[in-house]
Amino acid sequence: GLVLATAGLGLGYVAVVGAYGTAPGSINVGYQPTQPLPFSHKLHAGTLKLDCRYCHNTVDRAGHAAIPPTATCVNCHSAANADGTVDTASVHAKSAKLLQVRESQVQGTPIDWVRVHNLPDFVYFDHSAHVNRGVGCVSCHGRVDKMETVYQAEPLTMTWCLDCHREPERYVRPRSEIYNMAWRADDQEVLGSKLVEEYNIESRLSCSACHR
């Protein structure tokens with residue numbers, strides 16, 4: 001009875017892992033949900049060259065990349081004065097595209113951004129651990145600076161993660177170039193091998209590294 005119960009639990013776990021692991025939000029390359037307002041990464045990260053950390057300010061300090069609050073948008077687009085009137089001196093303050101930003105600021109309610117990169121709950125991933133060890137944003141998220149609307153550029157599967165863990169020298173870059181999506185090494189293998197040693201990178205391949 002105990003053996004059958006254990007086997008049943010094991011099969012159930014496999015089924016759950018399979019269901020979540022193959023969900024569109026996990027492996028669907030090209031997944032591009034409709035956002036509540038037309039924020040252009042191509043304009044902000046590309047043309048204006050805003051640093052990723054300006055909006056996602058916890059990416060190098062925490063396990064998750066923060067979704068920016070309305071206050072971050074308002075730093076540039078000061079949509080409303082204290083009395084609720086529009087500050088016409090701010091950047092595109094009267095634009096119809098910023099209507100929800102103005103409403104969010106005045107009402108004190110968050111904008112319902114839709115998460116693009118969704119890992120299953122049973123997967124442990126720490127943004128800061130990767131960013132601080134030389135993994136650039138582009139390696140996982142693609143050329144966001146060229147995306148009008150962000151989409152999932154990589155499959156985010158276990159195999160895809162393990163490919164990097166097995167050969168980190170193929171991907172790591174200088175910490176100074178983490179947020180430079182256009183950067184390319186002259187000889188990635190040579191530089192990568194040097195950085196793996198310099199950054200003391202010891203990629204874990206055990207199950208417990210990602211499933212805790």
Can you tell me if M147 has over 12 outside heavy atoms packed within less than 6.0 Å of its CE? yes
Given 3.5 Å as the limit, does a donor-acceptor pair link the side chain of Q32 with the main chain of Q152, or not? no
For T109, is there any backbone N or O sitting under 3.5 Å from a side-chain donor or acceptor partner on S104? yes
Return the CG to CZ distance between D126 and R133, rounded to the nearest 0.5 Å. 10.5 Å
Determine the interplanar angle of the H41 and H56 rings, folded into 0 to 90°, and report it as parallel if under 30°, tilted if 30 to 60°, perpendicular if over 60°. parallel
May I ask you to test the N132-D60 pair for a side-chain heavy-atom distance under 4.5 Å? yes
Heavy-atom distance under 4.5 Å between the side chains of P174 and L195, does that happen here? yes
Side chains of P36 and Q100 in contact at under 4.5 Å (non-hydrogen atoms): yes
Value for CG (N75) from OH (Y54), rounded to nearest 0.5 Å, stands at 3.5 Å
Side-chain donor/acceptor pairs under 3.5 Å, residues 45-53, sequence neighbours excluded:
from : atom 1 : to  : atom 2 : distance (Å)
D51  : OD1    : R53 : N      : 2.8
D51  : OD1    : R53 : NE     : 3.0
D51  : OD2    : R53 : NH2    : 2.8

Any side-chain donor paired with an acceptor under 3.5 Å for H117 and H141? yes
Measure from the side-chain N and O atoms of E154 to the backbone N and O of W160, and report whether any donor-acceptor pair falls under 3.5 Å. no
Which is it for H211 and V123 under the side-chain contact (heavy atoms from CB on, under 4.5 Å) test, yes or no, and what are the steps along the way? CA-CA 5 Å; H211 305 292; V123 176; 4.1 Å; yes
Heavy-atom closest pair (P155 atom, V29 atom, distance to 0.1 Å) is N-CG2, 3.6 Å
Residues D163 and Y171: side-chain donor-acceptor under 3.5 angstrom: no
Got a second to check how far E103's CD is from T70's OG1, nearest 0.5 Å? 11.0 Å
What is the minimum heavy-atom distance between G192 and V172, and which atoms define it? O-CG2, 3.7 Å
Can you measure from OG (S40) to NZ (K97) and round to the nearest 0.5 angstrom? 8.0 Å
Is R102 reaching over with its side chain to a backbone N or O of S95, donor-acceptor style, under 3.5 angstrom? yes
Rounded distance [0.5 Å steps], CD1 in I67 versus OG1 in T72: 11.5 Å
W113 versus Q35, side-chain donor and acceptor atoms under 3.5 Å: no
With a 4.5 Å cut-off on side-chain heavy atoms, are V116 and P33 touching? yes
Criterion side-chain contact (heavy atoms from CB on, under 4.5 Å) on R173 and V138, from CA distance to verdict: CA-CA 11 Å; R173 57 178 58 198; V138 69; 3.3 Å; yes
Solution key, residues 197-205 side-chain donor-acceptor pairs under 3.5 Å, sequence neighbours excluded:
from : atom 1 : to   : atom 2 : distance (Å)
Y199 : OH     : R175 : N      : 3.0
S203 : OG     : H165 : O      : 3.2
R204 : NH2    : S208 : OG     : 3.1

Intermediate values then yes/no, side-chain contact (heavy atoms from CB on, under 4.5 Å), S193 and E169: CA-CA 5 Å; S193 296; E169 66 276 3; 3.9 Å; yes
Is the count of non-hydrogen atoms from other residues, nucleotides or ligands lying under 6.0 Å from R115 atom CZ greater than 12? no
Would you be so kind as to tabulate the donor-acceptor pairs closer than 3.5 Å made by side chains of residues 176-187, with sequence neighbours excluded?
from : atom 1 : to   : atom 2 : distance (Å)
E177 : OE1    : N180 : ND2    : 2.9
N180 : OD1    : A182 : N      : 3.2
R184 : NH1    : M181 : O      : 3.4
D187 : OD1    : E189 : N      : 3.4
D187 : OD1    : V190 : N      : 3.2

Does F122 share a hydrophobic cluster with L119, counting links as ILVMFWY side-chain heavy atoms below 4.5 Å and allowing steps through other members? yes
Out of curiosity, C76 SG to H44 NE2, how far, rounded to the nearest 0.5 Å? 7.0 Å
